[in-house]
*Asks:* 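Submitted below is the structure of interest, expressed as structure tokens.
Hydrogens, waters and symmetry mates are skipped; everything else that's a heavy atom, side chains included, is used.
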Amino acid sequence: MTKQKVLLLDGNSLAYRAFFALPLLTNDQGVHTNAVYGFAMMLEKILKEEQPTHMLVAWDAGKTTFRHSTYKEYKGGRQKTPPELSEQFPYLRKMLDAYNIRQYELESFEADDIIGTLSREAAADGVETVVITGDKDLTQLADKAVTVQITRKGMTDIEAYTPEHVMEKYGLTPDQIIDMKGLMGDASDNIPGVPGVGEKTAIKLLKQFGTVEGVYEGIDGVSGKKLKEKLVENEELAKMSKTLATINTESPIEIGLADISYPGPDMEQVIPVFRELNFRTLIEKADGAQPVTETEEAEDIEYKVVEQAPGSLLKSGIAFHVELSDELYHTADILGVSLSDGDETVYIPAAGLEGDKQFADWLADDSMKKLTVDAKASLAALARLGLEADGIVFDLLLAAYIVNPSVSLTDASSAAREFGFSGVSEDQAIYGKGAKRAVPDQETVAEHASRKALAVHRLRETVEGRLKENKQFELYRELEIPLATILGRMEATGVKTERGILEEIGKDLAGKLEAIEEQIYALAGQTFNINSTKQLGVILFEEMELPVIKKTKTGYSTAADVLEKLRGRHEIIDLILEYRQLGKLQSTYIEGLLKEIHEDGKIHTYYQQALTQTGRLSSTSPNLQNIPVRIEEGRKIRKAFVPSEPGWVMFAADYSQIELRVLAHMSGDERLIAAFREGADIHTRTAGDVFHVEAQDVTPDMRRAAKAVNFGIVYGISDYGLSQNLNITRKEAAEFIDRYLASFPGVKQYMEDSVAEAKEKGFVSTLMNRRRYLPDINSRNFNLRSFAERTAMNTPIQGTAADIIKKAMVEMDMRLEQEGLQARMLLQVHDELIFECPEEELGKLSEIVPDVMEAALELDVPLLVESASGPSWYDTK
DNA sequence: CATGTCACG
DNA sequence: ACGTACGTGACATGC
């Protein structure tokens, strides 16, 4: 084993140093880049020189630390961080992520304390440690095993402080640096020290007495009457100053050496970051270097193809993966299963699985903990072989999603790559795509599947460490992991869909469509493809010479909101709108859904659990989260969704105004909270507040406007967006917004805080610590920046609502089991859960479901759930 | 395979 | 001055 070497970097101090050491550079977007550039230069140099096996960049967290409770003036009088530097922090973090360097921060502690604590751990293990900082304070950490390197003038000029060097420079031991600070103070941190005592006097005193305490014990031996007086007068101050200057080497950090191993940079990730920042020289250097990914890809792995699962791998803590011929796992062929304990890896072709009772028992045994990548897919596929799996404790796909939802996670390869492991090929490289898709020879499949299981096993520790650092372990383990099993079961259960009902609606639609089509051709004086926006544009705006209201980048816009404005100018408009509406129903919902009904008479959707940027689910093949409801004609489609057993009924429950309630809670706005506590109609109440009238005087138009404003607030409001929605001028919209924000000052504050937080940290969070990174939040491009700002306002709200219903689903699943009910959860539509159950269970279900949903998360406002039942989904209203 | 449109929360 | 409401998926058209 190679000798370990730990590198600990003080992120904030190095960023400051770099910022002031270099001229203000910018990239082509106008973003300042000098601090990132200096940091990168330093990093390249240090990596080459030190060849570390472990690395960490520590950041300061929060404005106040435990030191402020000792002395509230600590670091007082400091200049605010220049905005030109602030905007660089998200890029720094992104760059470090690309380098695969672990980053850590801890609420109310400073980077110094994190570094101090880790360096003590390393020193105790006798591991060589190098601390890199721009701050001389850290020299107190120097030790036999710990070298402190301080950057000088430039960023790459570094001075190493070993205990010997400290002694040479000050005549003191590293420990005594703290005592020196106690006596002389530190202007940059606003540590007072003893007035009148400077570096010279402090060193002299410490050489004589050793420590601050020693000075006071031997105070009579201090030479000089004035000095003695000053020391006596300021004893408290000296001792407090020493405390302030002391780095906490026992901070409650949640990571250890094991969590900060450094695999080397992922140049495929680093180079795009350099490119974005216009670091040409660094790109050239990096391009020449051998990327680590290639060597890893070339790494041979050991695996065996076996007919049955070996007993040696039917234990707890094993990674398993079900290899499928296709991503549509409800119908795909099961090719085989791979198992790995990190050393031994095997692949079992599907033929061997069916009769393997030991494997089946191991799978179903909850005490046999299992590691996976995409547990939901494996579970749903295994269910088709009659196999049940329990005891899933790790899912690489979900972990990668929680760490960063913006990464496109298409397969095990992309998830593994997120954590620096490139030893898994993409599924597409093995199976091909489109028409060329095919299952290759067994040997190829076996190696591919084996690599996945091995990757899962190898990455577990790293990945869980990262989740813990980000305080996301609970979200991942208690919410997303259990939910995967539940969703898999919902998908496998499916929803019974009456072919006959869809066909009947389809026939009716076909007749209406044909009639409308003829009328449209008659009015146009010619036949054309009504579904072609291009042809329709020519008819409407050239031949009929209707006014052009909006253009798209390819021609005239014929979108519904545009046609809406042309109504009354020509009778063809209404017909086109109706044709579009009915055509949509026919193609997407009648023809589309009919194609999705399986042999069992059910539709089995796929929930994407690792896709949306906000934490919501999405539904595909088919999408059952956008079945029509707003217009009666479309709503009838829901009549086709029925219970799968005779004597059963459909049952649905939905959260009322969940996003506005979440906003009330997160903003703490008193008026909004009061409105929900009183059970007021929220849109009427808003209208009353905004228009300054009593509730009984709110007109329907006022309520409609208020409703639009409420939506706008949740979306991250803009006057333009609201004006479009309400069809009013931008000025009027701006006035509405101003009045709203004046009525709900807490909301205004929340919006500002969300954006500020995003600018500082580079991400926003939900109540359950789901994150979304917003790299464009400091962009010079108005569009990109505005979008990121609205996202910063919307994501915590939409995401927290998603957290809440997910938690309700996990709890609901347990409750159904506990109560011994037959009822089944079938669908989730963002704020709504749909069940089927025996009629006899209705009474119990209509109590339990709202109870569980309302209690899912305790907020400062009540959650309200409404429910209904009936013979089809249509009737649950 | 991109674009426009429209279905949902 | 800039020009968009937040989050999704499916379908038809046309290059």
Side-chain angles (χ1 to χ4, degrees), chain A residues 405 433-434 528-537 550-563 576-577 579-593 595-596 605-608 611-631 633-635 637-638 654-660 663 708-726 730 733 737 754 764 772 779-799 801-802 805 827-833:
Chain A
K433 63 167 180 172
F528 64 101
N529 187 341
I530 307 170
N531 282 321
S532 162
T533 49
K534 205 175 158 198
Q535 293 180 36
L536 181 63
K550 197 164 77 180
K551 291 194 124 192
T552 65
K553 53 183 144 183
T554 53
Y556 310 109
S557 170
T558 65
D561 63 317
V562 172
L563 297 185
I576 290 166
L577 283 167
Y579 182 86
R580 284 247 180 94
Q581 217 172 67
L582 301 183
K584 177 88 179 175
L585 294 180
Q586 185 75 302
S587 66
T588 304
Y589 297 104
I590 302 297
E591 291 163 8
L593 288 178
K595 276 185 249 170
E596 299 283 357
T605 187
Y606 294 82
Y607 286 106
Q608 307 300 321
L611 185 142
T612 72
Q613 304 297 298
T614 56
R616 275 190 176 181
L617 300 175
S618 94
S619 157
T620 59
S621 308
N623 181 354
L624 292 183
Q625 290 182 319
N626 72 345
I627 302 301
V629 67
R630 292 172 191 170
I631 292 162
E633 219 150 3
R635 191 175 202 152
I637 306 273
R638 295 182 174 221
D654 70 295
Y655 283 109
S656 160
Q657 307 290 357
I658 188 167
E659 291 189 343
L660 284 174
L663 172 65
V709 175
N710 277 329
F711 268 98
I713 291 292
V714 170
Y715 291 160
I717 199 143
S718 77
D719 49 12
Y720 185 83
L722 183 65
S723 73
Q724 288 299 297
N725 190 287
L726 280 177
R730 228 179 63 188
I737 294 166
S754 293
V764 288
R772 180 175 186 178
S779 169
R780 285 293 164 277
N781 179 321
F782 175 87
N783 264 338
L784 291 178
R785 188 178 65 249
S786 303
F787 184 53
E789 287 171 357
R790 291 195 298 275
T791 310
M793 300 185 245
N794 169 266
T795 296
I797 300 172
Q798 189 181 123
I805 192 163
L827 298 170
Q828 188 251 44
V829 191
H830 311 308
D831 64 356
E832 179 183 16
L833 294 176

*Asks:* Mind checking the OH-CG spacing from A:Y607 to A:N623? Nearest 0.5 Å is all I need.
*Replies:* 9.5 Å
*Asks:* Any side-chain N or O of A:R580 below 4.0 angstrom from OP1/OP2 of C:dA12?
*Replies:* no
*Asks:* For A:S587 and C:dA10, is the shortest distance between a side-chain N/O and OP1 or OP2 below 4.0 Å?
*Replies:* no
*Asks:* Let me have DNA chain C in dot-bracket notation, would you? Count Watson-Crick plus G-U wobble pairs, both distances under 3.5 Å, and use [ ] for pairs crossing earlier ones and | for inter-strand partners.
*Replies:* .....|||||||||.
*Asks:* Can you see if the side chain of A:T552 gets near the phosphate of B:dG4 - specifically, an N or O under 4.0 Å from OP1 or OP2?
*Replies:* yes
*Asks:* Under 4.0 Å between a side-chain N or O of A:K584 and OP1 or OP2 of C:dA12?
*Replies:* no
*Asks:* Hey, what do you get for OG (A:S723) to CD1 (A:I737), rounding to the nearest 0.5 Å?
*Replies:* 8.5 Å
*Asks:* Between A:S618 and A:T612, does the side chain to side chain donor-acceptor pair (under 3.5 Å) criterion hold? Intermediate values first, please.
*Replies:* CA-CA 7 Å; A:S618 94; A:T612 72; over 6 Å; no
*Asks:* Taking only the side-chain nitrogens and oxygens of A:R790, find out if one of them lies under 4.0 Å from OP1 or OP2 of C:dA5.
*Replies:* no
*Asks:* Is the phosphate of B:dG4 approached by A:T554 (side-chain N or O, under 4.0 Å from OP1 or OP2)?
*Replies:* yes
*Asks:* Does A:T614 place a side-chain N or O at less than 4.0 Å from the phosphate oxygens OP1/OP2 of C:dC6?
*Replies:* no
*Asks:* According to the 5.5 Å centroid and 30° plane-angle thresholds, does A:F787 stack upon the nucleobase of C:dT4?
*Replies:* no
